[in-house]
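Here is the structure we will look at, set down as structure tokens.
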Amino acid sequence: MIIQSKNFSLKQIAESGQLFRMKQIENNKYSLIAYEKYLELTQLDECTIELTCSTKEYEDIWKDYFDMDFDYDMIVEKLKNGDDTFLKKAAEFGSGLRILRQEPFEVLISFIISQNKNIPGITNCVTKLCERFGERKEYIDNSGNITVYYTFPRPETLANASVEEIRQTGLGYRDEYVKNAAKAVLQKEIDLEELKKSKNKDAVEKLKSLHGVGDKVANCVSLYGLHHIDAFPIDIWISRVLEDVYGNDFDLSKYRGYEGIVQQYMFFYIRNKAKEKTG
DNA sequence: GCCCAGGTGGGAG
DNA sequence: CTCCCACATGGG
């Protein structure tokens, strides 16, 4: 099926660092695994995207996943017309970014893995984790071609796996963090669906009670997994922006209610600027 | 080989 | 409270 939308760039979303299971398969064409489904998406033009799913599946899953009911254009216009030159450029540069509504458990585990790793490294670990502990599935397209894919592991699978087995997926010292977090979710010491309903601040605090989850990872889980768009994760890149561009005097309160979207545009822009320099 | 990566826990001061 | 370091692994 085909959808029309402003501010929806597959390339930008795939490279945004908020998800690790979307990859480019051709020019303007991407695959994505989420909610136990496999989907291919093609950017036909700036506002047109083709999806390999039924209208029903789109309505049931992907419409919500891509947060289609939120007006990102309103935010982008606000930043473009604001008085902050850095955010102005960031909004122009990354105008197709959206904050996805991913599965909270997947986001929690993925961002525990993310610490002290670069994005290609995280992607590799997440892929291996899914291949080792996820469920093997097949996607069959209209021509009968079969694509094998793996779902994200369930909490019980990771909670019951040994740390040695988990470490085989290249997680290093994070193996215990992953197992313990899975156990906490399985035993309902932490209820991620419940945390969606609470305030960002309370969700972050609760997430930080997990071993291996600090301020940054908790804010990422809150933003990308619980859709608290007022979360503002500060990683090494954002930290550099806050220091180099704003002299540690950035007034976040000007962007109340959508801090996380501002963060996403900052992150995407500064990373791509860094890429230009190194080639 | 070397440095660094969407950090965090733990210990010292 | 704020430094400081080890941590396991792989990408560039």
Side-chain angles (χ1 to χ4, degrees), chain A residues 12-24 90 93-94 97-100 102 104 106-132 158 161-182 184 190 200 204-229 231-245 248 250 252 259-279:
Chain A
Q12 289 177 11
I13 291 168
E15 294 174 3
S16 69
Q18 64 179 303
L19 78 174
F20 304 101
R21 307 205 72 200
M22 182 172 182
K23 69 174 185 188
Q24 187 170 19
F93 186 79
L97 290 168
R98 314 177 74 82
I99 307 287
L100 308 180
Q102 301 182 66
E106 174 172 342
V107 175
L108 172 61
I109 299 301
S110 298
F111 278 90
I112 286 175
I113 293 171
S114 80
Q115 65 174 259
N116 214 22
K117 267 189 178 300
N118 54 26
I119 292 180
I122 303 163
T123 305
N124 284 338
C125 282
V126 171
T127 302
K128 280 188 203 165
L129 197 72
C130 293
E131 287 172 356
R132 176 70 181 76
L158 292 177
S162 69
V163 286
E164 289 79 13
E165 283 178 299
I166 295 175
R167 181 162 288 205
Q168 282 169 15
T169 57
L171 267 61
Y173 65 89
R174 306 165 192 79
D175 53 5
E176 284 192 50
Y177 298 163
V178 166
K179 184 178 163 74
N180 288 337
I190 188 160
N200 170 53
V204 166
E205 197 180 334
K206 181 70 184 174
L207 288 163
K208 282 169 76 173
S209 69
L210 295 169
H211 203 225
V213 177
D215 210 44
K216 188 270 171 182
V217 168
N219 272 279
C220 281
V221 176
S222 191
L223 178 58
Y224 305 131
L226 308 175
H227 208 78
H228 291 308
I229 60 170
F232 191 82
I234 299 176
D235 72 324
I236 180 130
W237 294 94
I238 296 294
S239 174
R240 281 177 200 152
V241 171
L242 296 182
E243 186 175 343
D244 299 346
V245 180
N248 287 327
F250 180 68
L252 192 56
E259 292 92 329
I261 300 177
V262 171
Q263 191 272 5
Q264 189 67 20
Y265 280 87
M266 269 186 182
F267 178 78
F268 186 74
Y269 183 53
I270 198 67
R271 275 198 79 238
N272 279 278
K273 266 177 62 162
K275 269 192 221 165
E276 281 171 25
K277 281 184 192 168
T278 52

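Letters A, B, ... mirror the listed sequences (proteins, then strands); counts begin at 1. Worth knowing before you read on, the calculation uses all heavy atoms, side chains too, and leaves out hydrogens, waters and symmetry mates.
C/dG10 and B/dG9 have their P atoms separated by 23 Å, with the value rounded to a whole Å. The separation of C/dA8 from B/dG11, taken at their P atoms, amounts to 16 Å, rounded to a whole angstrom. A distance of about 24 Å separates the P atoms of C/dC4 and B/dG6, rounded to the whole Å.
Residue contacts shown for A/F20 are absent, as no nucleic acid heavy atom lies under 4.0 Å away. The residue A/D175 sits apart from the nucleic acid: no heavy atom pair falls under 4.0 Å. A/S16 comes within 4.0 angstrom of a base, heavy atoms only.
The backbone N or O of A/V217 lies less than 3.5 Å from no partner atom in the side chain of A/Q115, so there is not a single donor-acceptor pair.
Applying the salt bridge (charged side-chain N to carboxylate O under 4.0 Å, His left out) test to every pair with at least one member in residues 215-224 of chain A, sequence neighbours left out, gives these pairs: A/K208-A/D215. Within the structure, salt bridge (charged side-chain N to carboxylate O under 4.0 Å, His left out) contacts touching residues 109-123 of chain A (residues at least two apart or in different chains) do not occur.
By the salt bridge (charged side-chain N to carboxylate O under 4.0 Å, His left out) test, A/R132 pairs with A/E165, sequence neighbours left out. Scored by the ring-ring contact (aromatic ring centres under 6.0 Å, His included) test, A/Y265 finds no partners at all (sequence neighbours excluded). By the side-chain contact (heavy atoms from CB on, under 4.5 Å) test, A/I234 is found to be paired with A/F232, A/I238, A/S239, A/L242, residues two or more places apart in sequence or in another chain being considered. Residues that satisfy the ring-ring contact (aromatic ring centres under 6.0 Å, His included) test with A/Y269, not counting sequence neighbours, are A/F86, A/F93. Scanning for side-chain contact (heavy atoms from CB on, under 4.5 Å) contacts around A/D175 gives A/V163, A/I166, A/R167, with sequence neighbours left out.
An aromatic stack links A/F267 and the base of B/dG6, using centre distance under 5.5 Å and interplanar angle under 30°.
Not one side-chain nitrogen or oxygen of A/N118 sits closer than 4.0 Å to the OP1 or OP2 atom of C/dG12.
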List every contact pair, protein side and nucleotides 9-13 of chain B side both N or O, where the distance is under 3.5 Å.
residue, atom, partner, partner atom, Å
B/dG9, OP1, A/G212, N, 2.9
B/dG9, O3', A/H211, NE2, 3.1

With the criterion being N/O to N/O and under 3.5 Å, what pairs connect the protein with nucleotides 5-7 of chain C, and how long is each?
none

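To the nearest angstrom, P of B/dG6 lies 17 Å from CD1 of A/I112. Atom CD1 of A/I122 and atom C1' of B/dT8 are 14 Å apart (whole Å). Atom-to-atom, CG of A/N180 to C1' of B/dT8 comes out at 14 Å; the value is rounded to the nearest Å. With rounding to whole Å, A/N219 atom CG is found 13 Å from B/dG7 atom P. Summarising the geometry, the separation between CD1 on A/I113 and P on C/dA8 is reported as 16 Å, rounded to the nearest angstrom. Rounded to an integer number of Å, the gap from A/Q168 CD to C/dG10 C1' is 17 Å. Between the NZ atom of A/K117 and the P atom of C/dT9 there is a distance of 9 Å, given to the nearest Å. Rounded to an integer number of Å, the gap from A/L171 CG to C/dA8 P is 13 Å.
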N/O donor-acceptor pairs under 3.5 Å from side chains in residues 120-131 of chain A, not counting sequence neighbours:
residue, atom, partner, partner atom, Å
A/T123, OG1, A/I119, O, 2.9
A/N124, ND2, A/P120, O, 3.4
A/T127, OG1, A/T123, O, 2.7

Please list, one pair per line, the donor and acceptor atoms closer than 3.5 Å that link side chains of residues 15-22 of chain A to other protein atoms, with sequence neighbours excluded.
residue, atom, partner, partner atom, Å
A/E15, OE2, A/K11, NZ, 3.1
A/S16, OG, A/I13, O, 2.8
A/S16, OG, A/Q18, N, 3.4
A/S16, OG, A/Q18, NE2, 3.3
A/Q18, OE1, A/L100, N, 3.1
A/Q18, NE2, A/R98, O, 2.7
A/R21, NH1, A/Y150, O, 2.9
A/R21, NH2, A/Y150, O, 2.7

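Considering only side-chain atoms of A/D235, the nucleotide from B/dG7, C/dG10, C/dG11 that sits closest is B/dG7.
Residue A/N200 comes nearest to A/S222 through the heavy atom pair OD1-OG, 2.7 Å, listed as atom of the first residue, atom of the second, then distance.
Comparing A/G121 and A/R174 by the nucleotide of DNA chain C whose heavy atom lies nearest to each, the residue mapping closer to the 5' end is A/R174.
Atoms CD and NE2, from A/E259 and A/H228 in turn, are 12.5 Å apart once rounded to the nearest 0.5 Å.
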- Item | A/L108/A/L210 under side-chain contact (heavy atoms from CB on, under 4.5 Å): CA gap, chis, key distance, verdict | CA-CA 10 Å; A/L108 172 61; A/L210 295 169; 4.0 Å; yes
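When base pairs are accepted only as Watson-Crick or G-U wobble with both N-N or N-O distances under 3.5 Å, DNA chain C takes part in stems of 3 or more pairs at B:2-5 with C:9-12, B:7-13 with C:1-7.
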